[in-house]
Undergrad: 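The structure that follows is given in the form of structure tokens.
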Amino acid sequence: MNISVIGCGYLGAVHAACMAHLGHDVVGIDTDRRKVDALSDGQAPFFEPGFPELLREAVESGRLRFTDDFSEAADSDAHFLCVGTPQRDEDGAADLRHVDAAFEALLPHLDEHDLVIGKSTVPVGTAERMAGRLETSGTGARLAWNPEFLREGFAVDDTLRPDRLVYGVPDGEPGRQATATLDSVYATALEAGTPQIVTDYGTAQLVKVAANSFLATKISFINAMSEVCEATGSDVTALAEALGHDDRIGNKFLRAGLGFGGGCLPKDIRAFQVRAGEVGADQALSFLSDVDAINTRSRERTVEHARQLCGGSFDGARIAVLGAAFKPNSDDVRDSPALDVALRLQRAGAAVVVTDPQANANAVKAWPELDVVDEVESAATGADLVVLVTEWQQFRDLDPAKLGTAVRERRILDARNVLDPAAWREAGWTYRGLGRR
Ligand SMILES: NC(=O)c1ccc[n+]([C@@H]2O[C@H](COP(=O)([O-])OP(=O)(O)OC[C@H]3O[C@@H](n4cnc5c(N)ncnc54)[C@H](O)[C@@H]3O)[C@@H](O)[C@H]2O)c1
Ligand SMILES: O=c1ccn([C@@H]2O[C@H](COP(=O)(O)OP(=O)(O)O[C@H]3O[C@H](CO)[C@@H](O)[C@H](O)[C@H]3O)[C@@H](O)[C@H]2O)c(=O)[nH]1
């Protein structure tokens, strides 16, 4: 099938390369000329495991090209909208300007054979509004909503082998046609037995924000337990392990620590609350403001532990911060808990040095006032405290004896609860986790 992918960021670029890998002919369209040039050269503009190889293969095969010219979408039958929906500063709602601009730019190039497929995360009601606009456009094109659930760091695998496919389609024959088009796009995944849920627009849009709200709630739940463990001298990692053996609860997304960040979970739970208010269901989601507050407290608690470990004051303290990305295996620093903690420590008076295996460039771009270095050893040299904020494997594998020769004081705050406390203590370190003995 001929496919266009509008918006080639973390989601769209991976989606475009995966669609080409599956044998479709794909054009990726983005307004960012530099991104288009890099992608056209087969260069990944961000770090995502497995993506550079897939991109190069697809570009070299001739099945994938990139442009900033929307008219090149004219030959495609399926058009995926993958542009950003950032948080609006004023009220936390989703900013739909990019979605609307991309949709309007695409309209003149559509005809009655075309299906526009929304993938961006949007407030419920957006698809209905866009379907109305399509109906009056005279193009004859249809709309489907097909939310995306990929995780950064696993984006290629999640795209090629999704947990489920959700189609939001109109009623009747237009819905059947839209479903048939999506089925051809995703034939490989469907043949592999991927569960498929075909529903209305509203439900499809809600599935996405409901999933992210559930995940955020699970993380904040365990971080609330972490606060209680801290107050009682108990151990949240043992507690989480015990909870996780209950199949009904499951062990995923129960890693207590610094909490969630990134370009999705934080903004999506806020936008969902705003939208719920607009549709008269604000009370239903009032718990999400607690989820958000617990998450912010995890960052504050990390800073307070750091202060205690530095003897009650950051004056004259040098702190090595290990991590900048919002999670390992990504270079994404959007709403990164790691950088939030680094900035809070710096603003509180510490001399902070940050290092990350992949996100250093993005960290400096976002926060030029931060001191960012390439090597753990140089970050740790002369440090009074080491704070682990992103659980990269390189950091989990650190040798406490070796690192101990670089620092001034052997003190480590493991804000992701991933290190072995006994091993660090045996090497002469003062070890502290969050809610951990
Ligand atoms: N990143 C993820 O893991 C992920 C997963 C699932 C869903 N989502 C959702 O997907 C959407 C995109 O997220 P992202 O992380 O890829 O964002 P991103 O900021 O990395 O990418 C968005 C891209 O859209 C481009 N763009 C903006 N306006 C445009 C326009 N008018 N025409 C064409 N291109 C335009 C930007 O230049 C950018 O390259 C969001 O709604 C997000 O919530 C993201
Ligand atoms: O037990 C856990 C699990 C995760 N996190 C943190 O939660 C954040 C989000 O992690 P994750 O969900 O793995 O990353 P994303 O790539 O942001 O993916 C989420 O957001 C995407 C965009 O909407 C969705 O597509 C995915 O399904 C959803 O998992 C990160 O800061 C993690 O460090 C924890 O603190 N504890």
Side-chain angles (χ1 to χ4, degrees), residues 4-16 28-36 38-39 45-46 48 66-70 73 80-87 94-106 118-123 126 146-155 158-159 162-164 207-209 211-216 218-223 226 240 244 250-269 271 295 298 323 325-330 332-338 340 389-391 415-418 434:
S4 84
V5 175
I6 322 289
C8 297
Y10 285 95
L11 161 60
V14 173
H15 189 70
I29 303 179
D30 201 291
T31 45
D32 181 339
R33 187 69 236 176
R34 280 204 312 197
K35 206 172 265 187
V36 167
L39 287 163
F46 50 82
E48 179 62 46
F66 294 92
T67 177
D68 59 0
D69 179 358
F70 275 79
F80 284 95
L81 280 180
C82 299
V83 299
T85 48
Q87 180 177 319
D95 184 344
L96 295 176
R97 271 178 301 179
H98 303 306
V99 170
D100 290 336
F103 186 52
E104 290 300 326
L106 180 64
K119 265 211 169 294
S120 302
T121 303
V122 293
T126 307
N146 170 224
E148 176 58 56
F149 302 97
L150 69 79
R151 300 158 296 167
E152 289 179 24
F154 303 91
D158 285 351
T159 305
D163 285 345
R164 74 291 213 187
V207 171
K208 175 66 202 175
V209 282
N212 277 359
S213 299
F214 190 82
L215 295 171
K218 214 170 167 192
I219 298 168
S220 278
F221 173 83
I222 201 64
N223 283 333
S226 166
N251 61 9
K252 295 193 177 133
F253 271 68
L254 278 186
R255 297 193 311 275
L258 185 46
F260 60 82
C264 293
L265 261 48
K267 78 165 172 59
D268 289 351
I269 62 166
N295 197 49
S298 300
F326 83 105
K327 66 186 274 193
N329 300 315
S330 172
D332 195 346
V333 299
R334 288 178 289 182
D335 202 344
S336 168
D340 191 7
V389 282
T390 312
E391 67 276 33
R416 291 291 181 184
N417 290 344
V418 289
L434 295 187

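Whatever order the structure lists them in is the order used to number ligands and atoms, beginning at 1. Remember, predicted model here, so these are calculated numbers, not experimental data.
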Undergrad: Can you tell which part of Cys8 has a heavy atom less than 4.0 Å from ligand 1: side chain, backbone, both or neither?
TA: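 It is the backbone that gets close, since no side chain atom is under 4.0 Å.
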Undergrad: Heavy-atom contact under 4.0 Å between Phe149 and ligand 1?
TA: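 Not so, Phe149 does not reach ligand 1.
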Undergrad: Taking Lys218 for the side chain and Leu254 for the main chain, is one N or O donor matched with an acceptor at less than 3.5 Å?
TA: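 Pair absent, no side-chain N/O of Lys218 close to backbone of Leu254.
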Undergrad: For Ser220, give me all partners under side-chain contact (heavy atoms from CB on, under 4.5 Å), at least two apart in sequence or on another chain.
TA: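 Checked Ser220 against side-chain contact (heavy atoms from CB on, under 4.5 Å); matches are Phe260, Val291, Ile294, Asn295.
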Undergrad: Which one of Gln87, His98, Arg33 has a non-hydrogen atom at the shortest distance from atom 27 (C) of ligand 1?
TA: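 Looking at heavy atoms only, His98 sits closest to atom 27 (C) of ligand 1.
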Undergrad: For the residue pair Ile29 and Ile6, establish whether any side-chain heavy-atom pair is separated by less than 4.5 Å.
TA: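 Yes. Closest side-chain heavy atoms under 4.5 Å.
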Undergrad: Please confirm whether the backbone N or O of Glu152 pairs with a side-chain atom of Lys327, one donor and one acceptor, at under 3.5 Å?
TA: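 Confirmed, Lys327 side chain pairs with Glu152 backbone.
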Undergrad: To check your reading of the model: name the closest protein heavy atom to atom 29 (C) of ligand 1, its residue, and the distance in Å.
TA: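 The answer is Thr31 OG1, 3.5 Å.
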Undergrad: May I ask you to identify the nearest protein heavy atom to atom 31 (N) of ligand 1, giving residue, atom name and distance to one decimal place in Å?
TA: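 Answer for atom 31 (N) of ligand 1: Ala102 N, 3.6 Å.
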Undergrad: Within ligand 1, which atoms have a heavy atom of Thr85 less than 4.0 Å away?
TA: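 What qualifies from ligand 1 is 40 (C), 41 (O), 43 (O).
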Undergrad: Atom 39 (O) of ligand 1: which of Val209, Leu106, Asp30, Val5 has the nearest heavy atom?
TA: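 Checking each option, the heavy atom nearest atom 39 (O) of ligand 1 is found in Asp30.
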Undergrad: Can you list every protein residue that has a heavy atom under 4.0 Å from any atom of ligand 2, sorted by chain and residue number?
TA: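 Lining ligand 2: Glu148, Phe149, Leu150, Arg151, Glu152, Lys208, Asn212, Leu215, Ile219, Phe253, Leu254, Arg255, Gly259, Phe260, Gly261, Cys264, Leu265, Asp268, Phe326, Lys327, Arg416.
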Undergrad: If you round to the nearest 0.5 Å, how far is CG of Asp335 from SG of Cys264?
TA: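 Answer for the SG-CG pair, Cys264 versus Asp335, is 11.0 Å.
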Undergrad: Please check if atom CZ in Arg33 has more than 12 non-hydrogen atoms from other residues, nucleotides or ligands closer than 6.0 Å.
TA: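 Counting neighbours around CZ of Arg33, more than 12 heavy atoms of other residues, nucleotides or ligands fall under 6.0 Å, so yes.
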Undergrad: Could you check whether any side-chain heavy atom of Ile219 comes within less than 4.5 Å of a side-chain heavy atom of Leu265, counting everything from C-beta outward?
TA: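 Answer yes - side chains close enough.
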Undergrad: Which of the atoms in ligand 1, numbered in the order shown and given with their element, are less than 4.0 Å from a heavy-atom of Gly7?
TA: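 So the answer, numbered in order with elements, is 24 (O), 25 (C), 34 (N).
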Undergrad: My understanding is that we take every heavy atom of each candidate and find the minimum distance to atom 8 (N) of ligand 1. Doing that for Leu11, Leu265, Asp32, which one comes out nearest?
TA: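 Residue with the shortest heavy-atom distance to the ligand atom: Leu11.
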Undergrad: For atom 22 (C) of ligand 1, what's the nearest protein heavy atom and its distance?
TA: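 Residue, atom and distance for the closest contact: Gly84 N, 3.5 Å.
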Undergrad: Does the N or O separation between Arg334 and ligand 1 drop below 3.5 Å for any pair?
TA: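 Arg334 vs ligand 1: N/O contact under 3.5 Å present.
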Undergrad: Do me a favour and list the nearest non-hydrogen protein atom to atom 21 (O) of ligand 1 with residue, atom name and distance?
TA: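 For atom 21 (O) of ligand 1, the nearest protein heavy atom comes out as Gly9 CA, 3.2 Å.
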Undergrad: Quick one: nearest non-hydrogen protein atom to atom 11 (C) of ligand 1, plus distance?
TA: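 Residue, atom and distance for the closest contact: Val83 O, 3.3 Å.
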Undergrad: Measuring from atom CZ of Phe326 to atom CG of Leu258, what distance do you get when rounded to the nearest 0.5 angstrom?
TA: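 Separation between the atoms: 12.5 Å.
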Undergrad: Quick test of your reading: applying salt bridge (charged side-chain N to carboxylate O under 4.0 Å, His left out), list the pairs with at least one residue in residues 255-269, sequence neighbours left out, ordered by first then second residue.
TA: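 Every salt bridge (charged side-chain N to carboxylate O under 4.0 Å, His left out) pair that includes a residue of residues 255-269, provided the two are not neighbours, is Arg255-Glu391.
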Undergrad: Would the distance check show the side chain of Ser330 and the main-chain N or O of Gly153 forming a donor-acceptor pair, the cut-off being under 3.5 Å?
TA: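 No, because the side chain of Ser330 does not come within donor-acceptor range (under 3.5 Å) of the backbone of Gly153.
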Undergrad: Considering only protein heavy atoms, which is closest to atom 9 (C) of ligand 1, and at what distance to one decimal place?
TA: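 Going by distance alone, atom 9 (C) of ligand 1 is nearest to Thr121 OG1, 3.5 Å.
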Undergrad: Which of the atoms of ligand 1 are close to Cys264, meaning less than 4.0 Å from one of its heavy atoms?
TA: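 This gives 2 (C), 4 (C), 44 (C) as the contact atoms.
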Undergrad: Of the side chain and backbone of Phe70, name the one, both, or neither that has a heavy atom under 4.0 Å from an atom of ligand 1.
TA: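 Side chain only; the backbone of Phe70 stays clear of ligand 1.
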Undergrad: Any non-hydrogen atom of Lys208 lying under 4.0 Å from ligand 1?
TA: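 Flag set, Lys208 near ligand 1.
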Undergrad: Using a 4.0 Å cut-off to any heavy atom of Tyr10, which atoms of ligand 1 qualify?
TA: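 Counting atoms of ligand 1 from 1, those under 4.0 Å from Tyr10 are 1 (N), 15 (O), 16 (O), 20 (O).
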Undergrad: So do Thr85 and Leu96 actually touch side chain to side chain, heavy atoms under 4.5 Å?
TA: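 A side-chain contact under 4.5 Å exists here.
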Undergrad: To the nearest 0.5 Å, what is the distance between CG on Asp163 and CG on Asp158?
TA: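 So the gap between those two atoms works out to 7.0 Å.
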Undergrad: Pull out every atom of ligand 1 sitting under 4.0 Å from any heavy atom of Lys35, numbered as shown with elements.
TA: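 Once the distances to Lys35 are compared, the set is 38 (C), 39 (O).
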Undergrad: Measuring only between side-chain heavy atoms, which start at C-beta, is Val389 closer than 4.5 Å to Pro337?
TA: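 Val389 does not reach Pro337 side chain to side chain.
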Undergrad: Using the six-membered ring wherever Trp is involved, compare the ring planes of Phe46 and Tyr10 and label them parallel, tilted or perpendicular (cut-offs 30° and 60°).
TA: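 Answer is tilted, since the angle falls between 30° and 60°.
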Undergrad: Looking only at protein heavy atoms, which one is nearest to atom 5 (C) of ligand 1, and how far off is it?
TA: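 Atom 5 (C) of ligand 1 sits closest to the protein heavy atom Leu150 O, 3.6 Å.
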Undergrad: Flag yes if more than 12 heavy atoms outside Phe221 fall under 6.0 Å of its CZ atom; otherwise flag no.
TA: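 Open: at most 12 neighbouring heavy atoms sit under 6.0 Å from CZ of Phe221.
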Undergrad: For residues 97-104, tabulate all N or O donor-acceptor pairs below 3.5 Å that involve a side-chain atom, not counting sequence neighbours.
TA:
{"unit_1": "Arg97", "atom_1": "NE", "unit_2": "Asp95", "atom_2": "OD1", "d": "3.1"}
{"unit_1": "Arg97", "atom_1": "NE", "unit_2": "Asp95", "atom_2": "OD2", "d": "3.2"}
{"unit_1": "Arg97", "atom_1": "NH2", "unit_2": "Asp95", "atom_2": "OD2", "d": "2.6"}
{"unit_1": "Asp100", "atom_1": "OD1", "unit_2": "Arg129", "atom_2": "NH1", "d": "3.2"}
{"unit_1": "Asp100", "atom_1": "OD1", "unit_2": "Arg129", "atom_2": "NH2", "d": "3.2"}
{"unit_1": "Glu104", "atom_1": "OE1", "unit_2": "Arg133", "atom_2": "NH2", "d": "2.9"}
{"unit_1": "Glu104", "atom_1": "OE2", "unit_2": "Arg133", "atom_2": "NE", "d": "2.8"}

Undergrad: If the cut-off is 4.0 Å to any non-hydrogen atom of Lys267, which atoms of ligand 1 fall inside it?
TA: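 Result: 42 (C), 43 (O).
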Undergrad: For the atom pair CG (Asn417) and CD1 (Ile222), what is the distance rounded to the nearest 0.5 Å?
TA: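 Going from the CG atom of Asn417 to the CD1 atom of Ile222 covers 10.0 Å.
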Undergrad: Give the residue and atom name of whichever protein heavy atom lies nearest to atom 6 (C) of ligand 1, and the separation in Å to one decimal.
TA: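 The protein heavy atom lying closest is Glu148 O, 3.3 Å.
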Undergrad: Have a look at His15, Glu152, Glu104 and point out the one with the heavy atom closest to atom 2 (C) of ligand 1.
TA: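 Nearest heavy atom to atom 2 (C) of ligand 1 lies in Glu152.
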